[in-house]
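Report on the following structure.
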Amino acid sequence: MDRNNNIYIFIYSSVLVILVAIILTIANISLKPAQEKNIRIEKMSNVLAAIGIKSDATDAEKLFAKYITEEIVINSKGEVLGKFVAGKQVEGSGRAFDINIKVELKNQADSKSGKFPLFIGEKDGSKVYIVPVYGKGLWAAIWGNIAFKDDLNTVYGANFSHESETPGLGAEISQPKTEGKIVFSDQFVGKTIFDATGNFVSVSTVKGGVVNQTKIAAEHGVDAISGGTLTSNGVTNMLYDCLINYVEYIKKNK
Amino acid sequence: MSKTKERELLFSPKNIRLLTSPLGKENPITMQVLGICSALAVTVQIKPAVVMGISVIVVTAVGNLIISAMRNSIPNRIRIIVQLVVIATLVILVDQVLRAFSYEVSKQLSVFVGLIITNCILMGRFEAFAMANKPWPSFLDGIGNGLGYGIILVVVAVVRELFGSGSLMGYKIIPESFYNFGYSNNGLMIMPPLTLIIVASIIWFQRSRDKDLIEK
């Protein structure tokens, strides 16, 4: 048969793409559960990492269930929209774990209708509150989790991740915790997000050393990363933009 | 029995050469200078480099095999499109499998698994070899070229991880006492441009050992 005949080419390419489509669909459907599980597990270990608990693919689910006692959904007016305790919806609707912060931040900016997740856990006998945050770095998205002590003011721990910040510079925000070394996220521990008069100030990254600042009190600032100014600014903005939605809730529940 | 004697042996010297020559004299990266882009990107650590190497081996080998099996039916006018469809399918499959079973690594490799599609080694081998040869030699050729690519990737990754992060495969190699004496990790090692220097050094070394490779 003439292989350069138009009809042959049409039939050949149609059969080829249909075959390929079938193969890819089968692969996608059969691998989807495993892929989604990986994403959930990663999210869980990130939340746990903010309160200093190390977990991996095998134990993240178990540890998450053990340490995170309550998941609540709030709006920026401080109202609780949903409460999820020990695998059951006990109040309202919505589970903090399933919320996509990126979408909700946009909803908040457009129509003030954002719903925000808050994880409440227990570590060493006292309550910890974990707020997931999401924002823009220099090149792409950055995100993380920041945990507060039971006064809902003092930072208990934090961790950050990024999509594609500059290796060695901005990417240092996600440096894993190492013993005997203070990494970027360790600096947040003990900082406060409200000033003495109770106004929300968030935690900012500052240039030139926190101790040398006059504008910002030492308890509201951390050292920015040298050479990673734009990523550091991204962290500052991310924390401010996300945490401000929790201010009303915190004021009500203090 | 007589029939098998007439046929070429599976691992005849010629076929073995298909497998080994891309490791040295016809190495896709150092000799043909193909696939440099991903070599820059995924060689900061050894683990992603190994996974990337394996992924490329799978795609070149299986792709070569498929293209070679189809070579007599592919309409000449759309052969590049057919090749691309085969590559894209295989790459998507590899990406999906990595996401399901090796999530951490797939995150590190991120877009570069997808970019295997644009890896010139694949199109080069399909056009130059698989379209003109039988499936078995094509398969070997695919494995050989994938390996040649993977080996360079791993060599570069060893250098970069050792001097850039002081570790190999994530294990600390350079002892803490060195750091106390003022040694510090070389930040340039984790930046992509350094790969060019390392690859260039490998090419230099290879050419100085093998006079055949030097152009007149």
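Note that these values count all heavy atoms, side chains included, but never hydrogens, waters or copies made by symmetry. Protein chains get the first letters and strands the later ones, always in sequence-line order, with residue 1 at the start of each.
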| task | Name the orientation class of the two ring planes belonging to A:Phe97 and A:Phe64 (parallel below 30°, tilted from 30 to 60°, perpendicular beyond 60°). | result | perpendicular

Less than 3.5 Å apart, any donor N or O on the side chain of [X] or [Y] sitting next to an acceptor on the other?
X: B:Ser167; Y: B:Glu161; value: yes
X: B:Thr43; Y: B:Arg160; value: yes
X: A:Ser204; Y: A:Thr236; value: no
X: B:Ser68; Y: B:Ser138; value: yes

Heavy-atom distances under 4.5 Å only: say whether [X] touches chain B with side chain, backbone, both or neither.
X: A:Ile41; result: neither
X: A:Glu163; result: neither
X: A:Leu16; result: side chain

| message | If I compare all heavy atoms of A:Tyr156 with all of A:Val189, which pair ends up nearest, and what's the gap? | response | O-CG2, 3.7 Å

| Minimum heavy-atom separation for B:Ala130 to B:Ile67, with atom names? | CB-CG2, 3.8 Å

| Per-residue contact mode, B:Val44 against chain A (heavy atom under 4.5 angstrom) | neither

| message | Using heavy-atom distances under 4.5 Å, tell me whether B:Ile74 contacts chain A through its side chain, its backbone, both, or neither. | response | both

| task | Output, in order, the C-alpha distance, side-chain angles, deciding distance and verdict of ring-ring contact (aromatic ring centres under 6.0 Å, His included) for A:Tyr246 and A:Phe148. | result | CA-CA 12 Å; A:Tyr246 294 85; A:Phe148 296 96; 8.5 Å; no

| chain B neighbours within residues 19-37 of chain A, where any heavy atom lies under 4.5 Å away | A:Val20, A:Ile23, A:Leu24, A:Ala27, A:Asn28, A:Leu31, A:Ala34, A:Gln35

